[in-house]
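The sequence lines fix the lettering, A, B, ..., with proteins before strands; numbering per chain opens at 1. These values consider heavy atoms only, across backbone and side chains, with no hydrogens, waters or symmetry-generated copies.
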Amino acid sequence: MRDWPDSAELLTFYDHNARKMPWRVGPKERAKGVLPDPYRVWMSEIMLQQTTVAAVKDYFERFTARWPTVSDLAAAEDADVMAEWAGLGYYARARNLLKCARYVVTEHDGVFPDTVEALLTLPGVGPYTAGAVASIAFDQPATVVDGNVERVMARVFDIHTPLPAAKPELTEKAAAMTPRERPGDYAQAVMDLGATICTPRNPACGLCPWRSDCKAQAAGTAAELPKKIPKKPKPIRHGVVYIAKRVDGAYLLETRPDSGLLGGMLGWPGSGWTEGHAPKHDAPIKAEWKTLNSEAKHTFTHFHLRLTVKTALVPMDRKPSVGAFVLEDDYDSGNLPTAMRKAFDLYRGT
DNA sequence: GACACGTGGAC
DNA sequence: TGTCCAAGTGT
């Protein structure tokens, strides 16, 4: 066994097995040295943060069709971008996406910076994304460390230190492995490897191009790496939402505050969400409220939510204390974050 | 370092 | 059903 796997072997494997994705250039162009559009690389990398390729594809197509350049995106309305992001999760990404686009236009003449250092100054761009954009869009030998790379490095070098304490050591290994040639393809190759072969459960070691150089494979420990600190259990929080339909078909919605959970997104007015029972609150408009028989259930990263749904039909002349009515023709439950959409689906009986 | 921050698919 | 997990960042 070699001390270090060969990055060239992985690149050859990648040339034959690269997954097709809308933000990647095809094999023929790549062979000619054509680099992908930095705007598209950046967009895809933001969307891919903690999110699967399958979930991202359609969102990426819609965003780039609607806003083909960073200048187009910078000129977009906040509400349109948030509505387009609805359902993808981690909504701070969407707020930072727009902030970043406007920053690139005003401070960089609409041209994405090409160094890790400069990329790190952009909103929503951290160490991973800066490295990914620098290597994939600008052919720079940046170190790219995501969850896949952490897992692959932990296995190749049989590192048993649990995450996140192991991160510096794994990053060091990843940096030492990164080749000067085709760093962007190499980064994507390791991530493809982690997503398709060196998977968290049941890794397909028999298909791995690095099998003969992998220390965990030799030790029989691949499937149990990387070690992780156990997670805390999720508490259950309760809340109430109010779905008011006006007689003309309009719905009462509010734009949530920019900070915090579902920040900047549309939602049904309601109570806060707390353990035990929903906190005291007022209805957003005077009406004959009826409570649905079942609750809307949803699970966030760190708690389970059970929403009591109250509904009412209200006359034209009533004024809400919070939010605003959205006309029937402008209403689309697809513009709501999933927890809010579930409450609506329960109300409609779907 | 620890925690907040979404969602849907896999097992 | 419940838990784990995915191309992380900001505070």
DNA chain C: 5'-proximal contact among Ala130(A) and Lys234(A) (nearest heavy atom): Lys234(A)

Ring centers of Phe112(A), Phe138(A) separated by less than 6.0 Å: no

Rounded distance (Å) that lies between atom C1' of dG8(C) and atom CG of Leu48(A): 11 Å

Within 45° cone of Tyr186(A) ring axis and under 6.0 Å: Arg182(A) NZ or CZ: no

Value in whole Å for how far the P atom of dG8(C) lies from CD of Glu150(A): 9 Å

Sugar-phosphate only, base, or nothing, as touched by Val149(A) at under 4.0 Å among non-hydrogen atoms: nothing

4.5 Å side-chain heavy-atom contact, Asp139(A) and Pro183(A): yes

Heavy-atom protein contacts under 4.0 Å, nucleotides 1-9 of chain B, coded B base, S sugar-phosphate only, - none: --SSBBBS-

Whole-Å gap separating C1' (dA6(C)) and NZ (Lys57(A)): 14 Å

Nearest-angstrom distance from the residue atom NZ of Lys297(A) to P of dG2(C): 7 Å

Donor-acceptor under 3.5 Å (Thr299(A) side chain, His304(A) main chain): no

Ring-face cation of Lys173(A) near Phe157(A) (centre distance under 6.0 Å, axis angle within 45°): yes

Sugar-phosphate, base or nothing in reach of Lys167(A), heavy atoms under 4.0 Å: nothing

Dot-bracket pairing map - DNA chain B, Watson-Crick plus G-U, both contacts under 3.5 Å, | cross-strand: .||||.|||||

Distance, P atom - from dC5(B) to dG2(C), rounded to whole angstrom: 22 Å

Sugar-phosphate only, base, or nothing, as touched by Met21(A) at under 4.0 Å among non-hydrogen atoms: base

More than 12 heavy atoms of other groups within 6.0 Å of Asp248(A) CG: yes

Interatomic distance where NZ belongs to Lys227(A) and P belongs to dC4(C) [whole Å]: 15 Å

Separation between the P atoms of dG6(B) and dT11(C), rounded to whole Å: 14 Å

Whether Trp268(A) and Tyr331(A) hold their rings parallel, tilted or perpendicular, with breakpoints at 30° and 60°: tilted

Pairs where residues 316-329 of chain A contributes a residue and the test salt bridge (charged side-chain N to carboxylate O under 4.0 Å, His left out) is met, not counting sequence neighbours: none

Leu122(A) CG to dT9(C) P, straight-line distance once rounded to whole Å: 12 Å

Criterion salt bridge (charged side-chain N to carboxylate O under 4.0 Å, His left out) against Arg66(A), the qualifying member of Glu77(A), Glu61(A), Glu84(A): Glu84(A)

Interatomic distance, Glu224(A) CD vs dC5(C) P [rounded to whole Å]: 14 Å

Between Arg155(A) and Thr221(A), a side-chain donor and acceptor under 3.5 Å: no

Closest-nucleotide 5' rank along DNA chain C - winner of Ala195(A) and Asn96(A): Ala195(A)

Length of the NZ-C1' vector between Lys228(A) and dC5(C), whole Å: 7 Å

